[in-house]
Amino acid sequence: MITKQHLRQNLVTQRTRTISYAIRDVVVAAKLLEAKGRAITYLNIGDPLVYDFQTPPHIVDAFCEAARKGLNGYSASAGVPEFREAVVEKERKINQVKIVSNEVIATAGISEGIQMMMAALVHPGSEVLLPGPAYPPYIAFVRFFGGTPRTYHCIEEEGWRPDIEDLRAKINDKTAAIVLINPNNPTGALYDPKTVQSLIDLAGEHGIPLISDEVYDRITYGQKLTSTAALAKDVPVIGFNGLSKVYLVPGWRVGYMYFHHPNGELAELREHILKQARIRICCNAPAQYAAAAALRGPDKYLEDVVKRLRTRRDLCWKRLNEIEAISAAKPEGAFYIFPSIDLQNRWKNDEQFVMELLKKTGVLVVFGSGFDPVFGAGHFRLVFLAPPVKLESSLNAIKQFLGN
Ligand SMILES: Cc1ncc(COP(=O)(O)O)c(C=O)c1O
């Protein structure tokens, strides 16, 4: 029998040691407190089903029906044709993106798409430009594959709009891709068409592909999303999207990527993503059939979802800005708000602030530096998916904590 003493040292690679995911890492501390009897309010995770949002019944029925029909075998690696076709229809109707189903690949959530994309794009020493702050897996996977994640400045005072000049200054020969997340996690920013166009122009000028993550495409509070691929004429764009947020099925793990490349510039990249898709066999088959039904089915429920979220967004934005030590830009999409905190020499950094807030109040948010050590520092991310009464009591607790 092999005992621990007999195992060689340094069993775990440096590559995996670098991985962190602040959104779930903070839960470890919360669970320890919970085990000691502390009530915890989880405002850390972007899962709409944690509180009072529910998957629409017709979407649940579609999943049951697919399983009952016996659609439980492995599927084609790139995804079942029904799903890929439904993606084409949805992207055309909702985001004005024109693609054919051959350009769509089903993934186990966008998360798998990010992993596959970085595996294919990142050479040792490559740089990927990411919004600062960014959704953490982008940072983690670029690093995991031996690249350097470089975040570009986003202007907090202007609703976290990307700073095009900073982005331009960071482009060099090693730049493998420019990522935009629109609407953005963690800031809730929604980029206006002019900003999207500037990003496209910059990418086109330098011959760099754009990766546009639009998983919150239909959760916006004023303007509608301007999808990157809809605006980019001859600039190659890889779109990432999925069912987790808008269709309220994060646990199904269904997402997709598509390639917009009028001159076929991304064909080789797509082939190497497909190779990875084949080696992992396929993603959840019945969920793909159900996802096709969800994408094609009634979407009236979404009006109510966005309406309720808007009330919660307004509440959090107003109440947070009433606190002297806090200032927060108004989110225009998604369900996150990313306020800055005056640490007042009371806390060493945003992580310590979040941990003490948790200990003293039971309110769990995510520290901003988990989304970028530079541009996320001195901030925290609050998820406003919880019902207003829960948000009210959490905001009271935050106010009291900062006042003391
Ligand atoms: C911007 C962004 N992309 C991707 C994901 C993950 O999506 P999926 O559930 O499709 O893996 C999230 C989840 O919070 C997200 O905020």
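Both ligands and their constituent atoms are indexed starting at 1 by order of listing.
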Residues that R308 engages under side chain to side chain contact (heavy atoms under 4.5 Å, CB included), provided they are two or more places apart: D52, F53, D304, R312
Once salt bridge (Lys or Arg N to Asp or Glu O under 4.0 Å) is applied, what residue pairs with a partner in residues 232-259 remain, sequence neighbours excluded? none
Looking at F144, does the NZ or CZ of R15 lie under 6.0 angstrom from its six-membered ring centre and within 45 degrees of the ring axis? yes
Per the under 4.0 Å non-hydrogen criterion, ligand 1 touches G109, I110, S111, Y135, I181, N185, D213, V215, Y216, S244, K245, R253, Y336
Assess whether a salt bridge exists between R319 and E322, defined as any Lys/Arg side-chain N lying under 4.0 Å from an Asp/Glu carboxylate O. yes
List in chain and number order the residues that pass side chain to side chain donor-acceptor pair (under 3.5 Å) with S369, two or more places apart in sequence or in another chain; answer none if no residue qualifies. D350
Between W252 and F63, how do the two ring planes meet: parallel, tilted or perpendicular, split at 30° and 60°? tilted
